[in-house]
Amino acid sequence: MKNIVILVSGRGSNMQAILEAQLPLKVAAVISNKAAAPALEIARQHGVATFTLSHRDYLDRESFDRAMAEIIDGHHADLVVLAGFMRILSPWFVEHYRNRLINIHPSLLPAFTGLDPHARALAEGVKIHGCTVHFVTNELDRGPIVAQAAVPVYPDDDEAALAARVLEQEHRIYPAALRWFAEDRLTIAGNGSVLLKNQEKPGGVLPVPDLVG
Ligand code: NHR
Ligand code: GAR
């Protein structure tokens, strides 16, 4: 069975969805850059080894990343999974884990890369929003896309309501994407698009209801 290591910074609901999906993968460790992250306690309750590394204890991004990599490689990780991890990773780290580093971002990439995607989606008045699982490259939030899910945006939505609707979809597509990885079904094509072997249905889920006026 393959090993994954999950990196978190906060609440850990995506990590929890992964832990509870009964995937054919071993979650070998969880690493947080915040000692107070609620995710750590959830991981311990699932019997997973946890580590906290504060980026403040390191001189620069790369030395922090190298300290994380020692833990990750010590657990023989086949894949590093970002689940609400809020530190930009150095080019060294991204190269070290090339094609073995995956993230979920709460927008329909390439729209709304970076921070506060829900607030910006509302400000733009988009009618459809969503989330994306992608491999990480050095271009922030721009790596090969594995899966996406869309949700409607309603006129009375605030940031919290929209984020909650998207989060529900995150909890579906991240475990699904990791199952494909576990089953060795993902390949990254030369043009950077992700191919899913033995695919029966489209890779995205579109729970958008018909438009009504
Ligand atoms: N690292 C690389 N190299 N490439 C990506 O695509 C990455 C990444 C690290 C994290 C997640 C990402 C997201 O999905 C992610 C993608 C943090 C920031 C950020 O600006 C941006 C994007 C993402 C995560 N972080 C600030 C920083 O200086 C700190 C913000 C904070 O601590 O609250 O690192 O959204
Ligand atoms: C999720 O919505 C995730 O997509 C987003 O933060 C939330 C974390 O929630 N990630 C990013 O914005 C990455 N920069 P969680 O800790 O409950 O999984």
Side-chain angles (χ1 to χ4, degrees), residues 4-21 27 30-43 46 50 52-56 58 60-66 68-69 72 79-121 129-151 159-178 188 192 194:
I4 65 172
V5 169
I6 305 179
L7 308 189
V8 298
S9 298
R11 179 177 54 186
S13 72
N14 276 294
M15 178 205 71
Q16 184 168 10
I18 293 163
L19 286 169
E20 293 176 357
V27 180
V30 167
I31 304 175
S32 174
N33 67 319
K34 304 253 165 140
L40 290 167
E41 182 53 33
I42 299 169
H46 284 80
T50 62
T52 301
L53 290 185
S54 174
H55 54 266
R56 290 165 208 279
Y58 298 85
D60 51 35
R61 278 185 199 267
E62 186 173 316
S63 40
F64 171 69
D65 287 358
R66 284 180 184 270
M68 285 200 299
I72 295 165
L79 185 71
V80 178
V81 176
L82 307 182
F85 183 71
M86 297 309 293
R87 292 290 300 171
I88 292 176
L89 296 160
S90 62
W92 175 82
F93 189 95
V94 171
E95 179 56 32
H96 188 70
Y97 296 108
R98 186 147 56 106
N99 297 349
R100 296 190 293 143
L101 179 57
I102 199 165
N103 180 42
I104 189 158
H105 181 74
S107 75
L108 288 174
L109 293 174
F112 310 121
T113 61
L115 301 176
D116 292 324
H118 303 305
R120 287 185 286 132
H129 186 45
C131 50
T132 303
V133 176
H134 67 97
F135 285 103
V136 172
T137 64
N138 278 314
E139 236 188 310
L140 189 68
D141 292 329
R142 288 303 305 267
I145 291 172
V146 179
Q148 293 185 303
V151 302
E159 213 180 314
L162 183 56
R165 194 173 307 122
V166 171
L167 191 65
E168 205 181 311
Q169 298 305 318
E170 295 184 43
H171 296 164
R172 296 175 59 201
I173 67 170
Y174 217 175
L178 296 183
I188 302 176
V194 175

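It should be emphasised that the depicted structure is a prediction, and the values quoted were computed from it without experimental measurement. The basis for the numbers below is simple: all heavy atoms, side chains too, and nothing from hydrogens, waters or symmetry mates. In listed order, ligands and their atoms are each counted from 1.
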> For the pair W92 and H96, name the ring-plane relationship: parallel under 30°, tilted 30 to 60°, perpendicular over 60°.
parallel
> Donor-acceptor pair, S32 side chain versus A35 backbone, under 3.5 Å?
no
> Output, or 'none' if empty, a list of ligand 2-protein atom pairs in which both atoms are N or O and the distance is under 3.5 Å, rounded to 0.1 Å.
unit_1	atom_1	unit_2	atom_2	d
ligand 2	2 (O)	E170	OE1	3.2
ligand 2	2 (O)	E170	OE2	2.9
ligand 2	4 (O)	E170	OE1	2.6
ligand 2	4 (O)	E170	OE2	3.4
ligand 2	9 (O)	R11	NH2	3.0
ligand 2	16 (O)	G12	N	2.7
ligand 2	17 (O)	R11	NE	2.6
ligand 2	17 (O)	R11	NH2	3.2
ligand 2	17 (O)	G12	N	3.4
ligand 2	17 (O)	S13	N	2.7
ligand 2	17 (O)	S13	OG	2.6
ligand 2	18 (O)	S13	N	3.4
ligand 2	18 (O)	N14	N	2.9
ligand 2	18 (O)	N14	ND2	3.0

> Between CD of Q169 and OG1 of T132, what distance do you get to the nearest 0.5 Å?
12.0 Å
> If you look at each N/O of ligand 1, which protein N/O atoms lie under 3.5 Å away, and at what distance?
unit_1	atom_1	unit_2	atom_2	d
ligand 1	1 (N)	L89	N	3.0
ligand 1	3 (N)	L89	O	3.0
ligand 1	4 (N)	T137	O	3.2
ligand 1	6 (O)	D141	N	2.8
ligand 1	14 (O)	N103	ND2	2.8
ligand 1	14 (O)	H105	ND1	2.8
ligand 1	14 (O)	D141	OD1	3.2
ligand 1	25 (N)	M86	O	2.9
ligand 1	28 (O)	R61	NH2	2.9
ligand 1	34 (O)	R61	NH1	3.0
ligand 1	34 (O)	I88	N	2.9
ligand 1	35 (O)	H105	ND1	2.8

> Sub-3.5 Å donor-acceptor pair from the side chain of R61 to the main-chain atoms of P91, do we have one?
no
> Do E168 and R172 meet the salt-bridge criterion of a basic N to acidic O distance under 4.0 Å?
no
> What class does the angle between the rings of F85 and F64 fall in, given that below 30° is parallel, 30 to 60° is tilted and above 60° is perpendicular?
parallel
> Is the number of heavy atoms from other residues, nucleotides or ligands under 6.0 Å of E20 CD greater than 12?
yes
> What pair of heavy atoms forms the shortest contact from D141 to G114, and how long is it?
OD2-N, 2.7 Å
> Under a 3.5 Å cutoff, is there a donor and acceptor pairing between the side chains of S107 and H129?
no
